[in-house]
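Single-structure report; data block below.
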Amino acid sequence: MWAELVASPLFGIALTMAVYLLAQLLYRRIGRVWANPVLVAIVTIVLLLKGSGIDYRDYSRGGDLLLFLLGPSVVALAVPLYQRRADILQHKRPILVGIFAGSLVSIVCACGLAWLLGGSRAVILSLAPKSVTMPIAISITAKIGGVAPLTAALVVLTGCLGAVCGPEFCRLIGIRSAAATGLAMGTAAHGIGTARMFEINRLAGAVAGLAIGLNGLMTTFLLPLLIYLTGL
Amino acid sequence: MLFFQLCGEILSRLFDLPFPGNVLGMALLLIALRTGLVKIKWLEEAAEMLLSNMALFFVPAGVGVMVYGDLIAAEWLPITVATVLSTFAVMAVTGLIAQKLDVGGSKDVG
């Protein structure tokens, strides 16, 4: 009976939601950025699966259904972009130039460093979209031949790193404007960074949300071009 | 939204474009909203629900990494260095450029 239950998609979905809810409660209790619910939930589920000897394929039957919802979530990003179109148009030059530069630096810097340190092609390609929001990053990596789960982990790690250190780092290097900090956080650390900015300053959070969508678009278009140019 | 994703997927496959279907779907939806073909009211609630629960959908993707434990262990150095340094580089470049070009909202971050 147990084997049957575990093999049904219900198991993966229920486990993911239960652990995620607990992780969220824990995050609210502790209130520390390093207790990021996504990170905590992933580590917990991996440990549970390893500890109980449940096959990853059994888990993924349900997990994949949740993962599927990332697709329409990307399409849904069009809604906040549309709602903020007036702000975007008013400041389009700094926003576009800033995010474009960030997108380019992210790809070149991550891939370049990995290449210099002897990373394999799969790792280099999986690193490329790591500053992009998860659903877009997964689609990009699948399209260019990276390893989707590796990209997923790197996206989460990048997001947590940015959310934990981002605001302090920005202040340290002399970024004082709230909007500029939000743009930097959204471009470098996507949704997890944006959530942190909303805790600090509403304007910065809104700008960060905008940067998620635009960076996703720019990386989507830049990356195939760069891969073509460098012949990777 | 599923409909727009489907249209995006079809476009992506049909013309063998290097862009994922869901990003094309997002662009199509933006155009549809802009031209008034689709009213924002129809979507607002569903979009809000998806976006506010987006973090949950990340979790299975992250769990999938356990299958690739060996690949990560073998190349942990390039992975770690590239991830950490490039994240800070992006923040510095984007933030400083935006501030220089005056993105507005010059109020100090509290």
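Listed options Leu56(B), Thr83(B), Val93(B) were ranked by heavy-atom pairs under 4.5 angstrom with chain A; first place goes to Leu56(B). Looking only at heavy-atom pairs under 4.5 Å with chain A, the residue among Val90(B), Leu96(B), Ile79(B) that has the most is Val90(B). Comparing Val97(A), Thr151(A), Leu154(A), Val43(A) by how many heavy-atom pairs each has under 4.5 Å with chain B, the most go to Val97(A). In terms of heavy-atom pairs under 4.5 Å with chain B, the best-connected choice from Cys165(A), Gly159(A), Gly63(A), Ala110(A) is Ala110(A).
Contact detail for Ile42(A) and Val63(B): the closest heavy-atom pair is CG2-N, 3.8 Å. Nearest heavy atom pair, residue Lys130(A) against residue Ala82(B), reads CE-O, 4.0 Å. Contact between Pro60(B) and Thr16(A) at its shortest, heavy atoms only, is CD-CG2, 4.1 Å. The minimum heavy-atom distance between Phe169(A) and Phe88(B), with the atom names listed, is CE2-O, 3.4 Å. Counting all heavy atoms, side chain and backbone alike, Gly95(B) lies closest to Ala180(A) at O-CB, 3.5 Å. The two atoms that bring Ala98(B) and Pro94(A) nearest to each other are O-CB, 4.0 Å, heavy atoms only.
For Thr133(A), the part lying near chain B is the side chain, with the backbone staying farther off; criterion is any non-hydrogen pair under 4.5 Å. Ser60(A) does not touch chain B: none of its heavy atoms, backbone or side chain, sits under 4.5 Å away. Contacts of Ile138(A) with chain B are made by side-chain atoms alone, with heavy-atom separations under 4.5 Å and no backbone atom involved. Both the backbone and the side chain of Ile173(A) come within contact range of chain B, judged by heavy atoms closer than 4.5 Å. In this structure, chain B has a heavy atom under 4.5 Å from the side chain of Val147(A), while its backbone stays farther away.
For the atom pair Leu127(A) CG and Ser86(B) OG, the distance stands at 7.0 Å (nearest 0.5 Å).
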Phe100(A) vs Ile97(B), side-chain contact (heavy atoms from CB on, under 4.5 Å): CA-CA, chis, key distance, verdict: CA-CA 10 Å; Phe100(A) 179 80; Ile97(B) 288 180; over 6 Å; no
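Side chain of Thr87(B) to backbone of Gly162(A): no donor-acceptor contact under 3.5 angstrom is found. Gln99(B) places a side-chain N or O within donor-acceptor distance of the main-chain N or O of Gly174(A), the cut-off being under 3.5 Å.
Between Pro78(B) and Trp115(A), every side-chain heavy-atom pair lies at or beyond the 4.5 Å cut-off. Between Leu66(A) and Val59(B), the closest side-chain pair of non-hydrogen atoms is not below 4.5 Å.
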